[in-house]
Every structure is written in C-alpha cells, then in structure tokens.
Amino acid sequence: MTLLFYLAGAVAIVATLLAITRRHAVHALLYLIVSLLAVAATFYALGAPFVAALEIMVYAGAIMVLFVFVVMMLNISDHAMEVERGWLKPRNWFGPAILAAVLLAEVIVCIATSPASSSITGAVAPKQVGASLFEGYWIGVELASLLLMAGLVGAFHLGRHAIAGEEKQHVLNTDAARVNSRSDLVHAGARGTSHAA
Amino acid sequence: MLTLAAILFTLGLAGLLTRRNLIFTLMSIEIMLNAAGLAFIAAGSRWGHADGQIMFLFILAMAAAEVSVGLAFVLLYHKRQQGLDVDAASELRG
C-alpha cells in the first residue's frame, strides 16, 4: 500500500507539472486527467475507496469533460498557440515559480519537523462516511445542494445572456443567411454548459 | 502525504500565477482544490475519522459549481473579447 501511494504520488506530481506547462489546452487537459486518476489511486492507498471512486467519476469524468467541451467549442487555433508561446517566456514564469518554490520549501520544512506525521492508520468504510454525512453534516448537504443550484442558475444566466445578445445581433444583421458559424458555436456551448451543470 | 498535497497545491499556485489563458487559470484552481481535498483525506485517514472524506465531498460539490459558472463565463468572455487573455479582463464592466 505504501509503495502504491508513493508511485501514484510521483505520477500525480509529474502529470501536474506537465499539465501546467503545456501550450496546447487539450494536451494539458489529458495530463490533468492522468494527474486526477493518480490522486484517486492515492486516495485508495490511503484507505478511502469511496472517495477514490467519486474522484474518478466527478473530477476526471464530469468536470474534465466540461473542460474538453469548452476547449473544443472555443476552437483554439494555431494563432492561439503562438500567443501562448509568447506568454510562456521564461521571464514570465520565473518569478512566480521561484516564489511558489520558496513557499513549498517552507511548508515541507514545517511538515518534516512536526512530530507524529505520515502514518497510514486505517481505512474508513463508505458506510461510516454515509452515516456520518447524513447525521452530523446534514446541513452541509443541504448547503451543498443550494450551492449546486446557485451554480446551475448562474451558468444558465451567463449562457442565456450570450444567447439573448446573439439574437439581438441576429436581428440587427440584415443578411439573415450570413450567420457567423463561430458565434453559433458559442451559442451551443452556453447551452451545453448550463445543461451539464 | 501532506507533502504530496503541498507539492500539488504549489504546482497549482505556480500555474495560476504563470498562465494568462483563462482555461489554464481554471485548471490551476482545480489542481489547488484537489490538493486541499487530498490534505483532508490524509488527515481523515491519519485519525481514522470519516470527517475528512465528508469535507472532500463538499469540496467536490463546490468545485463542480465553480467550474460550471467559470466555464460559462469563459464562453461569454471569449465571445466578447475574441480571446482568453486574463489581462484584458481587468477592463470588465457590467
């Protein structure tokens, strides 16, 4: 189990590092999915199989599929790749990377010097999680449902705004047949997002 | 395992500070939320409590809501600005 944990942790770190340095959004998304799967394996090694399954289903499944849909709808072209190459110059990422590395070193020193760390005690069964979730944390469940509802309404509002603006533009456009194919894509994307939320 | 969570969080933070593409910004936020969830799971496993996993469930719900709103905003923003530069987003109004 310990070997599994360290292996999955190394895979997660490498995949995340590759994900934040890729220029193409789709490549970065694929690496991010690998990273999430590795984190799910880490959860399994830590004795949380229920959460590992949820991680694969919700994160690597639903959220990443949303990302992939949006990337496909935005139609990232070669020009965007060139722009991204310009943004990824070393002098742009050197300062933030150094600052983040300093913070990471501090945290690691704090963790390493604190007593009684890093021992995997025991698995927590899904039954125990469910019982505790609906006994002690029922208000949290209700708040989570409210939050998801708010997210749904917010996404729908943003999407509807885009659709309304598009219809106005469409009316203003005298040549009705010459509808821009790209704005049509955005229209469909807004609908897809609010639906998937 | 807390070290792993810290490393993942720092990678997400570096990505958030470095990239100027809105999609990469959202992805970095996802990485950071995931790292926070990993820290919760590690703590829950350390003391054998279910509370860590419950907190992860709440983080999961929050991330799902956040990413849906964020991606809807990205679509709207791309339609208006013809690009995904975060720096141009400092001129948002209304």
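We use all heavy atoms of the structure for the numbers below, so side chains are in, but hydrogens, waters and symmetry mates are not. Keep in mind that what you see is a predicted model, and the values were worked out from it rather than measured.
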### Task
Write down the atom of A:Phe67, the atom of B:Ile23, and the distance for their closest heavy-atom approach.
CE2-O, 4.0 Å

### Message
Between A:Val65 and A:Val39, is there shared hydrophobic-cluster membership here, with clusters defined by ILVMFWY side-chain heavy atoms closer than 4.5 Å?
### Response
yes

### Task
Select one option (side chain, backbone, both, neither) describing which atoms of A:Leu133 are under 4.5 Å from chain B's heavy atoms.
both

### Query
Shared ILVMFWY cluster between A:Val34 and A:Val14, side chains joined below 4.5 angstrom?
no

### Message
The criterion is side-chain contact (heavy atoms from CB on, under 4.5 Å); which residues satisfy it with A:Leu4, sequence neighbours excluded?
### Response
A:Met1, A:Tyr44, A:Ala45

### Task
Determine the minimum heavy-atom distance between A:Leu147 and B:Met62, stating which atoms define it.
CD2-CA, 3.6 Å

#### Entry: side chain to side chain contact (heavy atoms under 4.5 Å, CB included) evaluation trace for B:Phe24 with A:Leu29
CA-CA 9 Å; B:Phe24 282 96; A:Leu29 277 174; over 6 Å; no

### Closest contact, heavy atoms only, B:Asp51 versus A:Ser132
OD1-OG, 3.9 Å

### Query
For A:Phe50, is it the side chain, the backbone, both, or neither that has a heavy atom closer than 4.5 Å to a heavy atom of chain B?
side chain

#### Entry: Value rounded to 0.5 Å, distance of OH in A:Tyr59 from CG in B:Asn34
5.0 Å

### Query
With only heavy atoms counted, which part of B:Leu11 is less than 4.5 Å from chain A, the side chain, the backbone, both or neither?
both

### Query
Between B:Val69 and A:Gly151, which heavy-atom pair has the shortest distance, and what is it?
CG2-O, 3.5 Å

### Query
Minimum heavy-atom separation for A:Leu158 to B:Phe73, with atom names?
CD1-N, 3.6 Å

### Task
Begin from the C-alpha positions of B:Phe9 and A:Val107 and carry the test side chain to side chain contact (heavy atoms under 4.5 Å, CB included) through to its verdict.
CA-CA 11 Å; B:Phe9 189 88; A:Val107 172; over 6 Å; no

### Task
Could you walk me through whether A:Phe134 and B:Ile54 pass side chain to side chain contact (heavy atoms under 4.5 Å, CB included), step by step?
CA-CA 10 Å; A:Phe134 288 107; B:Ile54 290 168; over 6 Å; no

### Query
Got a second to check how far A:Met64's CE is from B:Glu30's CD, nearest 0.5 Å?
5.5 Å

### Query
Where on B:Leu26 is there a heavy atom nearer than 4.5 Å to chain A: the side chain, the backbone, both, or neither?
both

### Message
So for B:Glu66, is it side chain, backbone, both, or neither that comes closer than 4.5 Å to the heavy atoms of chain A?
### Response
neither

### Query
Looking at A:Ser145, A:Ala97, A:Ala28, which makes the most heavy-atom pairs under 4.5 Å with chain B?
A:Ala28

### Task
Please indicate whether A:Phe69 has more than 12 foreign heavy atoms, meaning atoms of other residues, nucleotides or ligands, lying under 6.0 Å from its CZ.
no

### Message
I'd like to check A:Leu143 versus B:Phe58 (side-chain heavy atoms, cut-off strictly below 4.5 Å). Are they in contact?
### Response
no

### Summary
When the 4.5 angstrom heavy-atom criterion is applied to B:Ile7 and chain A, the contacting part is both

### Query
Can you get from A:Val26 to B:Leu75 by hopping between Ile, Leu, Val, Met, Phe, Trp and Tyr side chains that sit under 4.5 Å apart?
yes

### Message
Set out, in order, the CA-CA distance, both residues' side-chain angles and the distance that settles side chain to side chain contact (heavy atoms under 4.5 Å, CB included) for A:Tyr137 and B:Leu57, then state yes or no.
### Response
CA-CA 11 Å; A:Tyr137 288 93; B:Leu57 293 188; over 6 Å; no

### Message
Given heavy-atom pairs under 4.5 angstrom as the criterion, report whether the side chain, backbone, both or neither of A:Leu103 touches chain B.
### Response
side chain

### Task
Under 4.5 Å, counting heavy-atom pairs only, tell me which of B:Leu13, B:Thr3, B:Thr10, B:Leu17 racks up the most with chain A.
B:Thr10

### Task
Mind listing the closest non-hydrogen atom pair of A:Leu46 and B:Ser45 along with its distance?
O-OG, 3.0 Å

#### Entry: Straight-line distance of A:Thr16 OG1 to B:Leu8 CG, nearest 0.5 Å
5.0 Å

### Message
Counting only non-hydrogen atoms closer than 4.5 Å, does A:Ile108 touch chain B with its backbone (N, CA, C, O), its side chain (CB onward), both, or neither?
### Response
side chain

#### Entry: Contact winner vs chain B - A:Gly154, A:Ala48, A:Ala10, heavy-atom pairs under 4.5 Å
A:Ala48

### Query
chain A heavy atoms under 4.5 Å from B:Ile31: which part of the residue, side chain, backbone, both or neither?
side chain

### Task
Please flag which part of A:Val58 lies under 4.5 Å from any non-hydrogen atom of chain B: side chain, backbone, both or neither.
side chain

### Task
Fit a plane to each ring of B:Phe56 and A:Phe43, take the angle between them on a 0 to 90° scale, and name the class: parallel (under 30°), tilted (30 to 60°) or perpendicular (over 60°).
perpendicular

### Task
Determine whether A:Met57 and B:Val67 fall in the same hydrophobic cluster, where Ile, Leu, Val, Met, Phe, Trp and Tyr are linked whenever their side-chain heavy atoms lie under 4.5 Å apart.
yes

### Query
Is the backbone of A:Ala155 close enough, under 3.5 Å, to the side chain of B:Ser68 for a donor and an acceptor to pair up by distance?
no

### Task
Determine whether A:Ile33 and A:Ile56 fall in the same hydrophobic cluster, where Ile, Leu, Val, Met, Phe, Trp and Tyr are linked whenever their side-chain heavy atoms lie under 4.5 Å apart.
yes

